[in-house]
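Below is one structure; the comments refer to it alone.
Here is the naming used below: chain letters follow the sequence lines, and residue numbers restart at 1 for every chain.
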Number of protein chains: 2
Amino acid sequence: MAKVEFNIACSLCDHLKDSLFNGLSPEDLSRINNHKTCVQYKKGQNIFYEGTRPTGLYCMNAGKVKVFKNNVQGKEFIIYIAKPGDFLGYRALLSEEFYQATATVLEDAKICFIPKENFFEVLQKNPVFMRRVVKAVCHEMGVMEEKLAELAHKSVRERLAANLLMLKETYGMEGEGSSLIDLALSREDLASIVGTATETVIRLLSDFKSDGLITFEGKKIRVLDAKKLAKQADLIVA
Amino acid sequence: MAKVEFNIACSLCDHLKDSLFNGLSPEDLSRINNHKTCVQYKKGQNIFYEGTRPTGLYCMNAGKVKVFKNNVQGKEFIIYIAKPGDFLGYRALLSEEFYQATATVLEDAKICFIPKENFFEVLQKNPVFMRRVVKAVCHEMGVMEEKLAELAHKSVRERLAANLLMLKETYGMEGEGSSLIDLALSREDLASIVGTATETVIRLLSDFKSDGLITFEGKKIRVLDAKKLAKQADLIVA
DNA sequence: GCGCAAACCTGACAAAAGTCATCTTTTTGT
DNA sequence: ACAAAAAGATGACTTTTGTCAGGTTTGCGC
């Protein structure tokens, strides 16, 4: 399948405001813009592979991408799901290591690639931007610490509930009293997020459905009762 | 118990070479040095608490400190064990958030505190230092991603073996064909690292001992057969 | 050195979650 | 539109791990 290129000026990108590039001077932004390559990807295509060397930064313009690690038995663990405005592959780039995870398109995506030289150039020249990147990275690390503790001590039921709520926060389209998680996740992917077996996710989801906490809309999940779900997640409900 | 102060010039610190401050110009280093406060802590004392606001950076000169989160039922999960030369509390400082974890002394420690103004001053002025900090943070993030995947898909037995090997890498004192993990960890703390119950750790450790993989030396563990331990951890053995 | 508390250990049991096998439904490619 | 493949669902069973309850040993303050 041939890669299809497209082009949108960064300054006109719908997601600039959500991105770390927001607030960059026009010169810096055009430095990024002039060197970027933008590609359309289909569902299932890979952006980068575990074990390879990063050569630049990916910036999402459209679609959804999962970033995951494969364990010895071939089971996936999904570390992150990237949405428009998100950077992709910056961790390995900034730590000067190989990619430790693979990125695969979940929903047809448009992604821009910025060669590392140009990214680093702007980073070096612009301490405010550097500071913002550091802040974002450290925040992300805090999120991961949270996940780590959750994975260590919560049951699968609690984790699934917690992850549904998290997905709702990030991808939720609010309706009247309910919220649709705008992400076409397979049961298997959901299991790879929660860190459990596919069958377990299926069983728990149908539990949650019977209890009126969620419903299914096509491939998507609608959260009907976030409060009860939070109780299932063993979170303190205000 | 009163805090006991001490003082060592950063430039003369034994652990400068292991620290991110290594390579700082004399001026920058003395900027750090002139504003730091160094305190001796006893085992069990806390350095900082989850939910409070960071006011500076801690830099370890001696001892060991555990950084952990408490879950709802009061169970600990240990995120990190800091040793001399390590920074402490930098994540929350750089992300401008509250501490998300508590730091408690495991082995009597000497720790220097650098007020955030001075740390940030050096960080702003010195892009090379900033770059090094970013690199370290991103590397640390990679380690956490690894842990996350491990926690999600490995059994407790595998995780315990893997963690013993990791502790050996960091705290191991090499002997002839064996290596002593120089860390006085309680079974409970080890359980909090692995993410399991204390009883399970006790049982598995005595399994490993029966199989000749480890022995106990006082409160410490000696790794006798790292290769077999790696097999238990389900790692690829060369 | 004594007594108390904490840490360590063991066994029995229960609960949670994984695995495997099978079946149904949905999606996809041609 | 159809066949094949993938995804989803369900039941039976096993294994892992947590929990509880009861013991012993160790370490520490007085």
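- Between the C1' atom of C:dC9 and the CG atom of B:Leu190 lies a distance of 15 Å, rounded to the nearest Å.
- Residues forming a side-chain contact (heavy atoms from CB on, under 4.5 Å) with A:Asp207 (at least two apart in sequence, or on another chain): A:Arg157, A:Leu204.
- Atom CD1 of A:Ile202 is separated from atom P of C:dA21 by 17 Å (rounded to the nearest Å).
- Every residue two or more places apart in sequence or in another chain that forms a side-chain contact (heavy atoms from CB on, under 4.5 Å) with B:Lys36 is listed here: B:Asn7, B:Cys10, B:Asn33, B:Cys38, B:Cys112, B:Ile114.
- Between B:Asp207 atom CG and C:dT10 atom C1' the separation is 13 Å, expressed in whole Å.
- Not a single salt bridge (Lys or Arg N to Asp or Glu O under 4.0 Å) links B:Lys75 to another residue, sequence neighbours left out.
- The interatomic distance linking B:Asp189 (CG) with C:dC8 (P) rounds to 9 Å, in whole Å.
- The terminal axes of the helix from C:dG1-D:dC30 to C:dT30-D:dA1, fitted over 5 pairs per end, subtend an angle of 60° to the nearest 10°.
- Evaluation of the ring-ring contact (aromatic ring centres under 6.0 Å, His included) test over residues 52-86 of chain B, restricted to residues two or more places apart or in two chains, returns B:Phe48-B:Tyr58, B:Tyr58-B:Phe113.
- The CD atom of A:Glu150 lies 10.0 Å from the NZ atom of B:Lys69; values are rounded to the nearest 0.5 Å.
- Here the side chains of A:Asn61 and A:His15 are in contact, with some heavy-atom distance below 4.5 Å.
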Per-pair distances, 0.1 Å, donor-acceptor, side chain in residues 212-223 of chain B, under 3.5 Å, sequence neighbours excluded:
from, atom 1, to, atom 2, distance (Å)
B:Glu217, OE1, B:Arg222, NH2, 3.3
B:Glu217, OE2, B:Arg222, NE, 2.4
B:Glu217, OE2, B:Arg222, NH2, 3.3
B:Lys220, NZ, B:Asp182, OD1, 2.6
B:Arg222, NH1, B:Ser178, OG, 2.9

message: Does the protein touch nucleotides 12-30 of chain D at the base, only the backbone, or not at all? Give it as B, S and - per nucleotide, heavy atoms under 4.0 Å.
response: B----SSBB----------
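- Taking atom CD of A:Glu188 as the reference point, atom C1' of C:dT19 lies 15 Å away to the nearest angstrom.
- A:Glu140 meets the salt bridge (Lys or Arg N to Asp or Glu O under 4.0 Å) test with no other residue; sequence neighbours excluded.
- Between the NE2 atom of B:His153 and the C1' atom of C:dG18 there is a distance of 12 Å, rounded to whole Å.
- Here C:dA16 presents its P atom at 12 Å from CD of A:Gln232, a figure rounded to the nearest Å.
- Residues forming a salt bridge (Lys or Arg N to Asp or Glu O under 4.0 Å) with A:Glu76 (at least two apart in sequence, or on another chain): A:Lys66.
- For B:Arg187, taking side-chain heavy atoms from C-beta onward, the closest of the listed nucleotides D:dG8, D:dT10, C:dC9 is C:dC9.
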